[in-house]
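Down below is the structure, laid out as structure tokens.
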Amino acid sequence: MAVIAGNWKMHMGPVETTAFFEALRLEGVPSRHELLLFPPAISLLAAARAPSRDRRIQLGVQNIHWEDQGAFTGEVSAGMAAGAGATFVLIGHSERRHVFGESDQEVALKVGAAQRNGLVPVICVGETLDERRAGRVEEVILRQLDAVLPTCGTGGSRFLIAYEPVWAIGTGETATPGDASAAHATLRTRLEGALGISAATRVPLLYGGSVKPGNAAELMAAAEVDGVLVGGASLDPKSFAEIASAGG
Ligand code: PEP
């Protein structure tokens, strides 16, 4: 069973969210995979309550603050997201890191807040095009992983890692299955060193970056790829349903 996750980014208000689940119901959710959707925080409650949502589709929030409450205007805490129906949270998405300047340290604090509040973190790592051209893929993704391992590697709570090369996000450029496998193998080896082989095997490694119905099966079949994180193509119920049924 793979994990198929959809990140809606800043698309889909509450009304569109309810309509999405009705359209998805009509498409059918043929998947035997674990399905996660990350609507905007303001649409979580609509997603949680959508009469047409197949209850096998779990929900997450796209970002949280690292504190549980306080004077942080505009922010959402892990506990609030959980109260609105989230069971997962995306942390360290490249748009958070590169557009909003989120540091490795902040990412680690958010992972701690997620786990303290019972949310499962999906921690995103990935290199920029310049870093890839400079041969720094391993260095960058291991630095990002090492920043969170002291937090999420202890205590045995579930977490997922999404390898999302920044140059492949929203660009139509996709990493080859070989690129994805190589990065995932690097991450898996580090996880094995930190957690031991059996715990490391249980951490799903997702690939993200311009996944579409036409390439999802091939990427999901690649070695060490346990699922996909889908941005743009998850906004369309038909293409999300197609990706959700890819790979069996
Ligand atoms: C994402 O937002 O995580 C993503 C991978 O986007 P896209 O599929 O649109 O490249």
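Residue numbers start at 1 and run along the sequence shown. Atoms within a ligand are numbered from 1 in the order they appear, just like the ligands themselves.
Salt-bridge check for R132 with E127: passed, with a basic side-chain N closer than 4.0 Å to an acidic carboxylate O.
The G232 neighbourhood of ligand 1 comprises atoms 7 (P), 8 (O), 9 (O), with distances under 4.0 Å to a heavy atom of that residue. The distance from ligand 1 to the heavy atoms of G209 drops below 4.0 Å at these ligand atoms: 5 (C), 10 (O). Every atom of ligand 1 with a heavy atom of G170 under 4.0 Å away is listed here by number and element: 7 (P), 9 (O), 10 (O). Near A168, meaning under 4.0 Å from any of its heavy atoms, are these atoms of ligand 1: 10 (O). The distance from ligand 1 to the heavy atoms of N7 drops below 4.0 Å at these ligand atoms: 1 (C), 2 (O), 3 (O).
Regarding atom 2 (O) of ligand 1, its nearest protein heavy-atom neighbour is K9 CE, 2.7 Å. Atom 5 (C) of ligand 1 has its closest protein heavy atom at E164 OE2, 3.1 Å. Of the protein's heavy atoms, G231 N, 3.6 Å lies nearest to atom 4 (C) of ligand 1.
Ligand 1 has S210 within reach: a non-hydrogen atom of the residue lies less than 4.0 Å from it.
Criterion: ILVMFWY side-chain heavy atoms under 4.5 Å apart, direct or through other members. Under it, I64 and I123 are part of a common hydrophobic cluster.
Side-chain atoms of E138 and T186 form a donor-acceptor pair, as typed in the model, at a separation below 3.5 Å.
Between E218 and T176, every side-chain heavy-atom pair lies at or beyond the 4.5 Å cut-off. Side-chain atoms of K9 and I169, non-hydrogen and from C-beta on, do get closer than 4.5 Å to each other.
Looking at residues two or more places apart in sequence or on another chain, you find a ring pair (Phe, Tyr, Trp, His ring centres under 6.0 Å) between F20 and W8. With sequence neighbours excluded, the residues forming a ring pair (Phe, Tyr, Trp, His ring centres under 6.0 Å) with Y163 are H184, listed by chain and number.
Nearest to atom 1 (C) of ligand 1 by heavy-atom distance, out of K212, E95, H93, is H93.
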